[in-house]
Amino acid sequence: MNSEQFIKKIESFKKELPYTRGEYVKKTWGHDLHSLCSYQGKLKPAVAHWLVKMFSEEGDVVLDPLGGVGTIALEACLQGRKGISNDISILASTVAKAKISFPKIDDVMKELARLEEKNRNSILTEEDYLSAEFGLNASVKDYFHEDTLREILLFRKNLCLENNPSAERCYVAANLLHILHGNRPYALSRTSHALTPFAPKGEYIYKNVVGKITERLYKCAKFEFPENYVKGESYWGSYENLNCEKANIIITSPPFVGMRFDRPNWMRLWLCGWNKEDFLETSKASLDRMQMSNWDVYYTFFQKCYSLLKEDAFMILHLGGSKKYDMVSELAVRAKDYFKIVDIVYEDVSNTEKHGVKDKGTTDKHIFVFMKKIRR
Ligand SMILES: C[S@@+](CC[C@H](N)C(=O)[O-])C[C@H]1O[C@@H](n2cnc3c(N)ncnc32)[C@H](O)[C@@H]1O
């Protein structure tokens, strides 16, 4: 796509904001895989869908270096592009890998059976049980019947998500992560919330973990895929260390001001192996925490994005804004040696955004910054 075509597309995007129309408004719009596992901070699939559709072409490589649970990469894969997602969060990158590598459900079932066998041969230690004393809204152990907790602890011990797990293992993990807490019958916890594990209420009822995962996998087996879908790639780590093929376009959504991804997602991170120390120390490497004290971290971010793009390629940022903060200006200053801003599109979301979660801040507009890589 050349600059002229890009500018024309922006004009039409600005005029239509197509994801705010018709069926795209529905909260549930999107391929079933988008709902594989809840994640606080996930982009609306309809926004990802239209950005990919309008600003990339079939066969392109679409990269999201701050990819969360892979919403943009998944949309790319479903539209015949190769989606590449990267995230510093072990939780987010595991879920992204599950979604964009499209493993066969039969193979996922086999992996579940292997893990079940491993669990049967494992013995829980005092340290395993102590890990369940941790919690932010309440201790992990307060959420579950003791037998359910024992089964969850065995999975926590054996998933080993830090060791470059297979797509099949990530798929099992994503399903388990999703059903970990909530207020619906599928949830393993006492009554809580599906997105953020608010303090639990109600009875302690035993739920068979493998049985619940299997039920969900049967549902996943019915998912349908477009003929032209392409398998993507998911990486775990900071964008600084990302090493992948060069992209035709980067579409990404950096953390909104005031947002943190560790706290509202804490129990799922715990299941991925995090403990108290990780919430205090490991999370400090995340942009959401770094940008609280200094925006200069974005100099290296734009430099890295520059190096990951093909010549004359484009980059789109999806940002949050409010009367209190101006993320666009902060980022624009740090991008100017690498990218030229082509246009900025604002969407007023003051009436449409419902913030169930306190630390999402006071975002009242969404901002799309369209940029072109500078020739150096
Ligand atoms: C707004 S969220 C992106 C959500 C994503 N679009 C989705 O739909 O799931 C920003 C993401 O940046 C990630 N992040 C923060 N610091 C990072 C870093 N240094 N390297 C890679 N990812 C990082 C966070 O973990 C978070 O998932």
Side-chain angles (χ1 to χ4, degrees), residues 19 29-31 33-52 62-78 83-100 174 177-178 195 232 234-244 250-266 268-269 272 274 278-279 282-305 308 316-321 327 331 353 357 359-361 363 366-368:
Y19 58 91
W29 184 88
H31 192 277
L33 270 180
H34 281 299
S35 312
L36 195 64
C37 178
S38 300
Y39 181 64
Q40 178 66 46
K42 191 180 99 173
L43 182 68
K44 281 191 187 128
V47 176
H49 176 81
W50 279 101
L51 289 174
V52 166
V62 177
L63 169 65
D64 186 350
L66 311 169
V69 286
T71 314
I72 289 165
L74 174 60
E75 267 310 313
C77 295
L78 291 170
I84 304 183
S85 191
N86 173 79
D87 204 283
I88 198 167
S89 156
I90 180 93
L91 161 63
S93 56
T94 298
V95 175
K97 187 165 183 174
K99 287 177 177 179
I100 64 183
L177 286 160
H178 182 73
L195 200 50
S234 164
Y235 294 92
W236 170 45
S238 178
Y239 62 83
E240 294 147 286
N241 306 321
L242 178 59
N243 194 2
C244 64
I250 289 180
I251 307 177
T252 196
S253 185
F256 292 6
V257 171
M259 181 67 197
R260 273 183 70 167
F261 299 94
D262 56 347
R263 295 184 154 264
N265 294 306
W266 71 266
R268 294 193 169 106
L269 276 164
C272 291
W274 268 37
D278 292 303
F279 288 90
T282 310
S283 68
K284 282 187 184 158
S286 194
L287 268 181
D288 33 300
R289 294 204 55 189
M290 290 178 108
Q291 71 188 22
M292 282 176 183
S293 54
N294 197 338
W295 289 99
D296 283 351
V297 61
Y298 279 95
Y299 283 118
T300 53
F301 175 72
F302 287 113
Q303 186 182 29
K304 184 69 188 186
C305 289
L308 290 168
I316 305 173
L317 302 176
H318 174 258
L319 307 175
M327 209 171 162
L331 267 55
E353 282 287 283
V357 179
D359 63 356
K360 196 166 180 194
T363 302
H366 285 176
I367 307 159
F368 298 88

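Computed from a predicted model, the values in this text were never measured in an experiment. Both ligands and their constituent atoms are indexed starting at 1 by order of listing.
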Under 4.0 Å from one or more heavy atoms of G237, ligand 1 contributes atoms 20 (N), 21 (C)
Sub-3.5 Å donor-acceptor pair from the side chain of K304 to the main-chain atoms of L242, do we have one?
yes
Would H34 and E75 satisfy side chain to side chain donor-acceptor pair (under 3.5 Å), going step by step from the backbone distance to the final call?
CA-CA 9 Å; H34 281 299; E75 267 310 313; 2.8 Å; yes
For ligand 1, which atoms, with element, lie under 4.0 Å from some heavy atom of N86?
21 (C)
Protein residue, atom and distance nearest to atom 10 (C) of ligand 1, heavy-atom basis
S253 O, 3.4 Å
Check each atom of ligand 1 against the heavy atoms of V69 and keep those under 4.0 Å away; list them by number with element.
7 (C), 9 (O)
To check your reading of the model: name the closest protein heavy atom to atom 17 (C) of ligand 1, its residue, and the distance in Å.
I88 CG2, 3.5 Å
Do any nitrogen or oxygen atoms of P255 lie less than 3.5 angstrom from nitrogen or oxygen atoms of ligand 1?
no
Report the nearest protein non-hydrogen atom to atom 18 (C) of ligand 1: residue, atom name, distance rounded to 0.1 Å.
Y239 CD2, 3.6 Å
Are more than 12 heavy atoms from other residues, nucleotides or ligands located less than 6.0 Å from atom CG of N243?
no
I'd like to check whether D87 has a polar contact with ligand 1, where a contact means an N/O of the residue lying under 3.5 Å from an N/O of the ligand.
yes
Evaluate the side-chain proximity of P65 to I250: yes if any heavy-atom separation is below 4.5 Å, no if none is.
yes
Ignoring hydrogens, what is the shortest heavy-atom contact between L43 and T71? Give both atom names and the distance.
O-CG2, 3.6 Å
Atom pair CZ/CG of F301 and D296 - distance to nearest 0.5 Å
15.0 Å
Does any N or O of ligand 1 fall below 3.5 Å from an N or O anywhere on L287, backbone included?
yes
Protein residue, atom and distance nearest to atom 4 (C) of ligand 1, heavy-atom basis
G41 O, 3.3 Å
Evaluate D288 for polar contact with ligand 1, using N/O atom pairs at a separation under 3.5 Å.
no
Heavy-atom check, side chain of W295 versus side chain of V257, under 4.5 Å:
yes
N/O to N/O below 3.5 Å, does that happen between K42 and ligand 1?
no
Residue, atom and distance of the protein heavy atom nearest atom 12 (O) of ligand 1 read L66 CB, 3.6 Å
Would you say the side chain of L319 lies within less than 4.5 Å of the side chain of P254, judging by non-hydrogen atoms?
yes
Close N or O approach (F261, ligand 1; < 3.5 Å):
no
Assess whether side chain to side chain contact (heavy atoms under 4.5 Å, CB included) is satisfied between F279 and L269, documenting all intermediate values.
CA-CA 9 Å; F279 288 90; L269 276 164; 4.0 Å; yes
Which residue and atom name correspond to the protein heavy atom nearest atom 19 (N) of ligand 1, and how close is it?
S238 OG, 3.1 Å
Does the side chain of V47 come within less than 4.5 Å of F368's, by heavy atoms?
yes
Show the atoms of ligand 1 that are less than 4.0 angstrom away from any heavy atom in L43.
6 (N), 7 (C), 8 (O)
Mind listing the closest non-hydrogen atom pair of G70 and S85 along with its distance?
CA-OG, 3.7 Å
S286 heavy atoms within 4.0 Å reach ligand 1 at atoms 15 (C), 16 (N)
E240, any N or O under 3.5 Å of ligand 1 N or O:
no
Do the rings of H318 and F256 sit parallel, tilted or perpendicular, given the 30° and 60° boundaries?
tilted
G67 neighbourhood, listing ligand 1 atoms whose heavy-atom distance to it stays under 4.0 Å:
5 (C), 7 (C), 9 (O)
Could you establish whether P65 and ligand 1 come within less than 4.0 Å of each other, counting only heavy atoms on the residue side?
yes
With heavy-atom distances below 4.0 Å as the criterion, list the atoms of ligand 1 near T71.
7 (C), 8 (O), 9 (O)
What one should report as the nearest heavy-atom pair of N294 and V297 is O-CG1, 3.6 Å
Would you kindly specify which portion of Y39 sits under 4.0 Å from ligand 1, judged on non-hydrogen atoms: side chain, backbone, both or neither?
side chain
